[in-house]
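Only one structure is covered here, and it is reproduced in the block below.
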Amino acid sequence: MPLFSKRIPRLAVVAIALAAFCLVPPEVLGRGPDICLWKHLLHLPACPACGSTRALAAFFHGHLQQAVAYNYNVLVTAPLLLAFFVKDLLLAVRRCAS
């Protein structure tokens, strides 16, 4: 199984991220502090990834229009996150079955 780090399976990290995106509404994330490092270090009005966390939360709450309004990259990142989860879950099930 692919590892996120030397000890943590990627399945665990992706599962926790998906659970967080499903549980935390995007409105709550919008009220938090602006922690974008690129934006602050390079003095940009917005970096290409700004809004991605809110976009993923909106996507997993079923608000596709709102998700795309936050950041277009959600159309790529959300399906990839789901694909990683399904792939790693299937690998874990196969290993347990054998």
Side-chain angles (χ1 to χ4, degrees):
M1 177 177 301
L3 295 178
F4 180 72
S5 70
K6 293 184 180 187
R7 297 183 185 159
I8 303 171
R10 185 175 66 192
L11 177 60
V13 174
V14 173
I16 291 168
L18 285 174
F21 289 132
C22 290
L23 294 173
V24 179
E27 296 81 22
V28 171
L29 296 172
R31 284 186 255 141
D34 185 5
I35 58 171
C36 180
L37 293 176
W38 297 111
K39 184 176 169 181
H40 294 295
L41 288 174
L42 301 175
H43 305 288
L44 299 171
C47 78
C50 277
S52 294
T53 304
R54 286 173 287 164
L56 286 166
F59 179 89
F60 287 110
H61 277 88
H63 307 295
L64 186 58
Q65 234 177 356
Q66 184 183 14
V68 171
Y70 282 130
N71 196 314
Y72 283 108
N73 76 9
V74 73
L75 299 173
V76 174
T77 56
L80 280 175
L81 196 58
L82 287 171
F84 282 139
F85 179 73
V86 170
K87 177 185 172 194
D88 292 346
L89 188 61
L90 290 174
L91 284 172
V93 168
R94 284 185 193 150
R95 285 191 180 158
C96 288
S98 60

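Values below: all heavy atoms of this structure, side chains included; hydrogens, waters and symmetry mates excluded. It should be emphasised that the depicted structure is a prediction, and the values quoted were computed from it without experimental measurement.
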query = Shared ILVMFWY cluster between F21 and I16, side chains joined below 4.5 angstrom?
reply =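 No.
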message = Do E27 and Q66 have side chains that approach each other closer than 4.5 Å (heavy atoms only, starting at C-beta)?
response =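 A side-chain contact exists here, since the closest heavy-atom pair is under 4.5 Å.
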task = Identify the heavy atoms of C22 and F60 that sit nearest to each other, and give their distance.
result =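 Reported closest heavy-atom pair: SG-CB, 3.8 Å.
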ask   = For F85, which residues count as a side-chain contact (heavy atoms from CB on, under 4.5 Å) partner, sequence neighbours excluded?
value =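 side-chain contact (heavy atoms from CB on, under 4.5 Å) list for F85, sorted by chain: L11, V14, A15, L18, L89.
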message = Going by side-chain contact (heavy atoms from CB on, under 4.5 Å), name the residues that satisfy it together with L75, two or more places apart in sequence or in a different chain.
response =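 For L75 the side-chain contact (heavy atoms from CB on, under 4.5 Å) partners, ignoring immediate neighbours, are L64, V68.
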inquiry  = Using a 4.5 Å cut-off between side-chain heavy atoms of Ile, Leu, Val, Met, Phe, Trp and Tyr, which other residues end up in the same hydrophobic cluster as L29?
reply    =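 In the cluster with L29 are V24, V28.
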Please set out all donor-acceptor pairs under 3.5 angstrom arising from side-chain atoms of residues 41-58, sequence neighbours excluded.
from: S52; atom 1: OG; to: A49; atom 2: O; distance (Å): 2.6
from: S52; atom 1: OG; to: N73; atom 2: OD1; distance (Å): 3.3
from: S52; atom 1: OG; to: N73; atom 2: ND2; distance (Å): 3.0

